[in-house]
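As structure tokens, the structure follows; a few thoughts come after it.
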Amino acid sequence: MPDNAQQFASDNYSGICPEAWAAMAEANQGHQRAYGDDEWTARAADHFRRLFETDCEVFFAFNGTAANSLALASLCQSYHSVICSETAHVETDECGAPEFFSNGSKLLLAKTENGKLTPQAIRDIAIKRQDIHYPKPRVVTLTQATEVGTVYRPEEVRAISQVCEELGLHLHMDGARFSNACAFLDCSPAELTWKAGVDVLCFGGTKNGMAVGEAIVFFNKALAEDFDYRCKQAGQLASKMRYLSAPWVGILQNDVWLNYANHANRCAQLLATLVEDVPGASLMFPVQANGVFLQLSEPAIAALTARGWRFYTFIGAGGARFMCSWDTDEARVRQLAADIREAMSA
């Protein structure tokens, strides 16, 4: 299998979508002011305000780790804690960055149901201890879509935000695959965020057709005070910011972001459908976004790897994750499904 063959290990494997590429090329004409004081950054921020149907503060970072960590740090003091899912990216895949940028805010892990936090799980942790010897809970962070490919519905987000309001907690959303969640639910970005009580969203672009770049969107504008200084201190203030912001203009226009998310989701559904009757194979979680989690035999996993397929197996014994992207080819999905069927039958 060629090294550049389309793979399913991660939606980060994909290239840049044409609309983002074209916007970068257009932004490359002539000179623009530096450090975000350019027309492209202003246009991108305005696109977000129209998309979310509200006035909000918008900042741009290079990657999701920085976006999440800086957003959480803006909501916490060092003696605070953040309640998150036991599988949350901020816990398992960010090398302690949330703790680092907040000067030590502790992550408190909650049990989940299909990867999702529940109001009761949040309440149990938040009121477990309230003495001065314990890091004071201050923030809840949700991953949308979750690390196991499930999606919070608006009413679930609202129920969590109500608990947050009752307990004096801020609500942050890690939206690395927020586009896929919106596509699955067929609801507006506003309904899934500030209208449901979310204070700040990290909107992922890298996994939906951009080269780099995440947007940090503060719906509670008071919480964004001095956030530009945090970005600068953390090395996230791009001098040529237009190359981070222009691709957003490209993908936010004409529902490009949503169309690509819909395509990735459809490809994931296709894969799940094609393997649903494979003896011995089973879905580990509902397929609601662009990821398919399959329970396979260890020999089948070895056989697929030997054939050149790349995918992650961090989910547990026999668990395999297959991610679809904005550019996934349906024929490639069918080839993978056929190989899974053959590997399991062997």
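Nothing fancy with the numbering, it's 1 onward along the sequence. Keep in mind it's a predicted model, so treat the numbers as computed, not measured. The analysis underlying the following values was restricted to heavy atoms, covering all of them including side chains, and did not include hydrogens, waters or symmetry mates.
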Please answer whether the main-chain N or O of [Y] pairs with a side-chain N or O of [X] as donor and acceptor at a distance below 3.5 Å.
{"X": "Gln295", "Y": "Leu283", "result": "no"}
{"X": "Trp194", "Y": "Pro189", "result": "no"}
{"X": "Thr328", "Y": "Ser325", "result": "yes"}
{"X": "Asp3", "Y": "Ala5", "result": "no"}
{"X": "Gln144", "Y": "Tyr152", "result": "yes"}
{"X": "Glu330", "Y": "Cys267", "result": "no"}
{"X": "Ser81", "Y": "Pro135", "result": "yes"}
{"X": "Asp199", "Y": "Leu171", "result": "yes"}
{"X": "Ser245", "Y": "Thr41", "result": "yes"}
{"X": "Arg307", "Y": "Ala302", "result": "no"}

Under a 4.0 Å N-O cut-off, is there an ion pair linking [X] with [Y]?
{"X": "Arg321", "Y": "Glu147", "value": "no"}
{"X": "Glu166", "Y": "Arg123", "value": "yes"}
{"X": "Glu86", "Y": "Lys111", "value": "yes"}
{"X": "Asp46", "Y": "Arg43", "value": "no"}
{"X": "Arg177", "Y": "Asp11", "value": "yes"}

Same cluster (ILVMFWY, side-chain, under 4.5 Å), [X] and [Y]:
{"X": "Val139", "Y": "Met173", "result": "no"}
{"X": "Tyr35", "Y": "Phe227", "result": "no"}
{"X": "Leu70", "Y": "Leu244", "result": "no"}
{"X": "Leu169", "Y": "Leu142", "result": "yes"}
{"X": "Met344", "Y": "Leu336", "result": "yes"}

query = Between Trp309 and Phe322, is the gap from one ring center to the other below 6.0 Å?
reply = no
request  = Report yes if the distance between the aromatic ring centroids of Trp248 and Phe48 is under 6.0 Å, otherwise no.
outcome  = yes
Does any donor atom in the side chain of [X] or [Y] lie under 3.5 Å from an acceptor atom in the other side chain?
{"X": "Gln233", "Y": "Arg230", "answer": "no"}
{"X": "Thr206", "Y": "Glu214", "answer": "yes"}
{"X": "Asn28", "Y": "Tyr243", "answer": "yes"}
{"X": "Asn265", "Y": "Asn290", "answer": "no"}
{"X": "Glu39", "Y": "Gln32", "answer": "yes"}
{"X": "Gln6", "Y": "Tyr13", "answer": "no"}
{"X": "Glu94", "Y": "His89", "answer": "yes"}

Taking atom [atom1] of [X] as the centre, does the number of heavy atoms from other residues, nucleotides or ligands within less than 6.0 Å exceed 12?
{"X": "Asp277", "atom1": "CG", "answer": "yes"}
{"X": "Arg129", "atom1": "CZ", "answer": "yes"}
{"X": "Phe100", "atom1": "CZ", "answer": "no"}
{"X": "Glu113", "atom1": "CD", "answer": "no"}
{"X": "Ile127", "atom1": "CD1", "answer": "yes"}
{"X": "Gln120", "atom1": "CD", "answer": "yes"}
{"X": "Lys221", "atom1": "NZ", "answer": "yes"}

request  = Would you check, one step at a time, whether the test side-chain contact (heavy atoms from CB on, under 4.5 Å) holds for Ile301 with Phe311?
outcome  = CA-CA 9 Å; Ile301 288 175; Phe311 51 93; 3.9 Å; yes
If I compare all heavy atoms of [X] with all of [Y], which pair ends up nearest, and what's the gap?
{"X": "Ser161", "Y": "Arg158", "answer": "OG-O, 2.8 Å"}
{"X": "Leu252", "Y": "Ala44", "answer": "CD1-O, 4.4 Å"}
{"X": "Pro286", "Y": "Thr150", "answer": "CD-CG2, 3.9 Å"}
{"X": "Tyr312", "Y": "Ser10", "answer": "CE1-CB, 4.1 Å"}
{"X": "Gly115", "Y": "Thr146", "answer": "O-CG2, 3.5 Å"}

request  = Go through the steps for Val82 and Cys76 under the test side-chain contact (heavy atoms from CB on, under 4.5 Å), then give the verdict.
outcome  = CA-CA 8 Å; Val82 176; Cys76 289; 3.7 Å; yes
Please report the interatomic distance [atom1]([X]) to [atom2]([Y]), rounded to the nearest 0.5 Å.
{"X": "Arg334", "Y": "Asp329", "atom1": "CZ", "atom2": "CG", "answer": "10.5 Å"}
{"X": "Asn68", "Y": "Asp174", "atom1": "CG", "atom2": "CG", "answer": "4.0 Å"}
{"X": "Ser74", "Y": "Leu223", "atom1": "OG", "atom2": "CG", "answer": "6.5 Å"}

request  = In sequence, state the C-alpha distance, the side-chain angles, and the governing distance for Phe203 and Phe178, and then conclude on ring-ring contact (aromatic ring centres under 6.0 Å, His included).
outcome  = CA-CA 6 Å; Phe203 193 135; Phe178 180 75; 5.2 Å; yes
ask   = Between Asp38 and Arg242, does a salt bridge (Lys or Arg N to Asp or Glu O under 4.0 Å) hold up when you go through it step by step?
value = CA-CA 7 Å; Asp38 60 274; Arg242 66 188 186 275; over 6 Å; no
